[in-house]
*Asks:* 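I have a structure I would like to understand better, so I am pasting it below and will then ask my questions one at a time.
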There are 2 protein chains.
Amino acid sequence: MRSGEAKRSYDDACGTAHGLELIGERWALLVLRELMLGPRRFGDLRADLPGISANVLTQRLAELEQRGLVVRRRLPPPASVQVYDATEWGREAEPIVQALGRWAARSPRHDPTLPISGVSILLSFRTMIDAKRAKGMDARFGFVFGQDRYIARVRKGGIKVARAGEGDFHRCDAVFDGAPAALAAIVYGGQPLDLIEVRGDRSAAARFITLFQLPPKVAVEDAAALA
Amino acid sequence: MRSGEAKRSYDDACGTAHGLELIGERWALLVLRELMLGPRRFGDLRADLPGISANVLTQRLAELEQRGLVVRRRLPPPASVQVYDATEWGREAEPIVQALGRWAARSPRHDPTLPISGVSILLSFRTMIDAKRAKGMDARFGFVFGQDRYIARVRKGGIKVARAGEGDFHRCDAVFDGAPAALAAIVYGGQPLDLIEVRGDRSAAARFITLFQLPPKVAVEDAAALA
DNA sequence: CCGTATCCAATAAGATACTG
DNA sequence: CAGTATCTTATTGGATACGG
């Protein structure tokens with residue numbers, strides 16, 4: 001190890017190497033991902049990052065904060081709870097999350113049956129929307145994952161995603177209510193729509209779930225070798 | 001631990017998490033980066049990844065090979081040397097490298113004076129080319145970094161980059177010969193062109209080094225806090 | 001040289017218990 | 001609930017030795 005630097009450095013001027021020093025530690029990018037759609041509490045993050053331990057989450061948040069990617073705030077009373085939020089620069093890391101996700105979706109070893117967070121599935125919509133299929137659609141959709149609510153607007157072949165307030169759902173064409181993993185199984189796994197509850201315009205919902213296309217799996221000469 | 005196998009899992013169906021399981025280990029993405037422009041030998045990799053130890057490089061290469069991102073080949077006699085090359089899927093990870101590099105270039109703590117590999121600087125040209133500035137230019141450039149040679153073709157606002165054979169340099173408008181770090185200092189650090197040797201059309205070379213634009217640094221309220 | 005293997009010390013991650 | 005503290009395990013890096 002070299003002298004001087006406090007932590008392990010790649011000692012490389014390449015931006016990629018510096019990026020890995022900023023968000024290359026285990027869990028760091030997933031923590032940042034969970035903050036992409038707005039502030040979360042410590043417990044929310046812990047719940048949506050199955051397997052992370054409290055001390056590692058504490059450490060990652062502290063590092064991300066110190067590097068300027070995350071800010072810690074205390075909500076005004078009566079809430080008075082502490083939340084973590086991504087800074088603008090932190091949110092600018094979304095293309096990294098997307099590129100990684102799009103690339104890894106081609107993996108023959110990707111297991112889509114694992115748990116998935118609400119933020120993940122919503123961000124995947126931004127990543128995987130097929131502009132041709134979405135062209136001509138103009139609709140709003142709501143998503144209820146337990147306490148968390150999100151809203152998506154499909155228009156001009158694109159999709160906008162955000163956390164939802166109560167009133168936002170009144171303008172939605174349809175609202176999906178269920179587990180994120182179930183929604184993922186429907187959209188990406190070809191499962192039937194009635195795996196979750198759908199309120200509102202069911203035909204709009206049926207169209208919505210066809211808008212997203214995973215890239216083709218990598219051809220593997222000997223797939224067994226990768227099992 | 002079981003080398004390369006499903007070790008510590010993120011237990012997350014999100015493609016991003018799976019991507020981190022594939023190339024999230026320390027050094028993995030940088031090893032893959034070094035293979036983006038063609039096969040390299042073990043010693044080349046070791047030389048261009050300052051700080052990696054031989055055992056870690058061996059392990060990363062074995063893992064990447066087992067996951068289908070890298071192949072190990074033996075060149076035909078008389079060379080008969082073993083080389084590592086990225087598979088097509090491995091090369092498809094370049095958008096990840098680019099997104100990470102572009103994002104990290106905004107970091108206030110990025111130190112461009114560190115060493116940099118030839119592959120890194122050439123890839124950075126692909127990432128950072130400013131289409132508006134390159135528009136209307138049609139030229140070829142050669143790069144000599146010790147034993148390694150590369151060629152770049154600028155055309156229609158884009159740039160193509162590849163390893164060069166001997167003959168390729170005859171068609172070049174200009175050839176840069178020097179250390180990658182010096183070229184980086186010229187292109188990105190505003191240093192004078194005569195820091196390295198330039199053969200051929202010097203005015204074309206002078207235009208070339210203006211084609212690349214780093215994104216603006218992140219505004220930091222208290223930059224000292226991040227030192 | 002080109003890698004691999006092995007040993008060791010330093011870190012980082014994981015599990016769990018604990019405190020305000 | 002929101003973290004700390006502590007302990008155990010895993011990974012990393014450096015040195016070095018070894019076989020092709």
Side-chain angles (χ1 to χ4, degrees), chain A residues 1-12 17 20-31 34-35 39-65 70 72-75 77-85 146-147, chain B residues 1-12 17 20-21 23-31 34-35 39-66 70-75 77-85 147:
Chain A
M1 185 77 217
R2 293 191 127 60
S3 61
E5 284 290 348
K7 36 183 271 80
R8 295 181 186 179
S9 160
Y10 285 112
D11 198 24
D12 188 329
L20 291 173
E21 288 170 353
L22 292 169
I23 53 173
E25 285 110 356
R26 194 165 161 74
W27 294 108
L29 191 60
L30 299 182
V31 171
E34 287 300 317
L35 301 178
R40 314 287 306 270
R41 298 172 64 169
F42 189 91
D44 299 332
L45 296 172
R46 214 180 160 186
D48 280 343
L49 295 170
I52 197 171
S53 53
N55 54 358
V56 171
L57 179 54
T58 299
Q59 193 179 329
R60 285 297 98 83
L61 286 168
E63 289 162 356
L64 293 173
E65 182 180 19
V70 163
R72 183 190 309 228
R73 281 205 314 266
R74 187 165 291 278
L75 294 185
S80 291
V81 295
Q82 186 170 255
V83 294
Y84 298 89
D85 198 3
Q147 303 295 321
Chain B
M1 155 210 128
R2 299 150 299 176
S3 172
E5 254 319 305
K7 18 195 282 185
R8 287 192 287 197
S9 161
Y10 285 111
D11 197 26
D12 188 330
L20 291 173
E21 288 170 353
I23 53 173
E25 286 110 356
R26 194 166 159 76
W27 293 108
L29 191 60
L30 299 183
V31 171
E34 287 300 317
L35 301 178
R40 315 285 309 270
R41 298 172 65 169
F42 189 92
D44 299 333
L45 296 171
R46 212 179 161 188
D48 279 343
L49 296 169
I52 198 172
S53 54
N55 53 2
V56 172
L57 179 54
T58 298
Q59 192 179 329
R60 286 296 100 84
L61 286 168
E63 289 161 357
L64 293 173
E65 182 181 18
Q66 198 238 335
V70 163
V71 286
R72 182 190 309 227
R73 282 204 313 266
R74 187 164 289 279
L75 294 185
S80 290
V81 295
Q82 186 170 253
V83 294
Y84 298 88
D85 198 4
Q147 302 296 321

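In what follows, chains are A, B, ... by sequence order, proteins preceding strands, each numbered from 1. Scope of the values below: all heavy atoms of this structure, side chains included, with no hydrogens, waters or symmetry mates.
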*Asks:* Whole-Å distance between C/dG3 P and B/Asp44 CG?
*Replies:*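 Nearest whole value for this atom pair: 9 Å.
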*Asks:* With a cut-off of less than 4.0 Å, is there a side-chain N or O of B/Arg46 near OP1 or OP2 of C/dG3?
*Replies:*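 It does not, given that no N or O in the side chain of B/Arg46 lies less than 4.0 Å from OP1 or OP2 of C/dG3.
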*Asks:* If you check every side-chain atom of B/Tyr84, which of C/dA13, C/dG3, D/dG13 has the closest atom?
*Replies:*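 Nucleotide nearest to B/Tyr84's side chain: C/dG3.
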*Asks:* Check every atom of D/dT4, C/dA13, C/dT4 against the side chain of A/Ala54 and return the nucleotide holding the closest atom.
*Replies:*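 Nearest listed nucleotide: D/dT4.
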*Asks:* Could you check whether B/Arg72 gets within reach of a base, just the sugar-phosphate, or nothing at all, counting any heavy atom under 4.0 Å?
*Replies:*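 Answer is sugar-phosphate: B/Arg72 comes under 4.0 Å of backbone atoms only.
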*Asks:* Can you check whether B/Gln66 reaches B/Glu63 side chain to side chain, under 4.5 Å on heavy atoms?
*Replies:*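 No, side chains not in contact.
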*Asks:* Rounded to whole Å, how long is the line connecting atom CD1 of A/Ile52 with atom C1' of C/dA13?
*Replies:*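 It is 10 Å, rounded to the nearest whole Å.
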*Asks:* To the nearest Å, how far apart are A/Leu57 CG and C/dG14 C1'?
*Replies:*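 From A/Leu57 CG to C/dG14 C1': 13 Å.
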*Asks:* Record whether the side chain of A/Asn55 comes under 3.5 Å of the base of D/dG3 through a donor-acceptor pair of N or O atoms.
*Replies:*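 No, the side chain and the base share no sub-3.5 Å donor-acceptor pair.
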*Asks:* Whether B/Arg26 contacts C/dA12 is assessed here as follows: a side-chain N or O lying under 4.0 Å from the phosphate OP1 or OP2. Is that the case?
*Replies:*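 Negative; the distance criterion is not met.
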*Asks:* A side-chain contact here means heavy atoms from C-beta on lying under 4.5 Å apart; do B/Leu30 and A/Leu20 qualify?
*Replies:*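 SC-SC contact between B/Leu30 and A/Leu20 confirmed.
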*Asks:* Taking only side-chain N and O atoms of B/Thr58, does any of them lie within less than 4.0 angstrom of OP1 or OP2 on C/dT4?
*Replies:*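 Answer yes for this pair, as a side-chain N or O of B/Thr58 is under 4.0 Å from OP1 or OP2.
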*Asks:* Does A/Gln59 make a side-chain N or O approach to OP1 or OP2 of C/dA12 shorter than 4.0 Å?
*Replies:*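 For A/Gln59, the contact criterion (side-chain N or O under 4.0 Å from OP1 or OP2 of C/dA12) is not met.
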*Asks:* Can you check the A/Arg40 CZ to D/dA2 C1' distance for me, whole Å?
*Replies:*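 Distance check: A/Arg40 CZ to D/dA2 C1' gives 15 Å.
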*Asks:* Measure from CD on B/Glu25 to P on D/dG13 and round the result to the nearest Å.
*Replies:*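 To the nearest whole Å, that distance equals 12 Å.
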*Asks:* Angle between the end axes of the helix from C/dC1-D/dG20 to C/dG20-D/dC1, five pairs per end, to the nearest 10 degrees?
*Replies:*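 Axis angle across the helix from C/dC1-D/dG20 to C/dG20-D/dC1, nearest 10°: 30°.
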*Asks:* Measure from CG on A/Leu61 to C1' on D/dA2 and round the result to the nearest Å.
*Replies:*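 So the two atoms are 11 Å apart, to the nearest Å.
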*Asks:* Quick one: is A/Arg41 getting a side-chain N or O under 4.0 Å of the D/dA2 phosphate, OP1 or OP2?
*Replies:*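 Answer yes for this pair, as a side-chain N or O of A/Arg41 is under 4.0 Å from OP1 or OP2.
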*Asks:* Closest approach to the side chain of B/Phe42, judged atom by atom: which nucleotide of C/dC2, D/dG3, D/dG13 is it?
*Replies:*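 Among C/dC2, D/dG3, D/dG13, the one nearest the side chain of B/Phe42 is C/dC2.
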*Asks:* Would you call A/Leu64 and A/Ile23 a side-chain contact if the rule is heavy atoms closer than 4.5 Å?
*Replies:*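 Answer yes - side chains close enough.
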*Asks:* Without decimals, in angstroms, what is the distance between B/Leu45 CG and C/dT4 P?
*Replies:*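 My rounded result for the distance is 12 Å.
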*Asks:* From the list D/dG13, D/dA2, D/dG3, which nucleotide is the closest neighbour of the side chain of B/Ser53?
*Replies:*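 My answer, after comparing the listed nucleotides, is D/dG13.
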*Asks:* If you round to the nearest 0.5 Å, how far is CD of A/Glu65 from CZ of A/Arg72?
*Replies:*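 The distance works out to 4.5 Å.
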*Asks:* Name every donor-acceptor pair, under 3.5 Å, that has one atom in a side chain of residues 42-57 of chain B and the other anywhere in the protein, sequence neighbours excluded.
*Replies:*
unit_1, atom_1, unit_2, atom_2, d
B/Asp44, OD2, B/Arg41, N, 3.0
B/Asp48, OD2, B/Arg40, NH2, 2.9
B/Ser53, OG, B/Asn55, OD1, 2.7

*Asks:* Under 4.5 Å between any side-chain heavy atoms of B/Tyr84 and B/Arg73, yes or no?
*Replies:*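 A side-chain contact is absent here, since even the closest heavy-atom pair is not under 4.5 Å.
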*Asks:* Return the CD to CG distance between A/Glu34 and A/Leu29, rounded to the nearest 0.5 Å.
*Replies:*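 Separation between the atoms: 11.0 Å.
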*Asks:* Would you please confirm or rule out a distance under 4.0 Å between OP1 or OP2 of C/dG14 and any side-chain N or O of A/Trp27?
*Replies:*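 Result: yes.
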*Asks:* Please give me the minimum heavy-atom distance between A/Ser9 and A/Glu21, naming the atom from each residue.
*Replies:*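 For A/Ser9 and A/Glu21, the tightest heavy-atom pair comes out as OG-OE2, 3.2 Å.
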*Asks:* Once you round it to whole Å, what is the distance between P of C/dA13 and CG of A/Leu49?
*Replies:*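 One finds 14 Å between P of C/dA13 and CG of A/Leu49, rounded.
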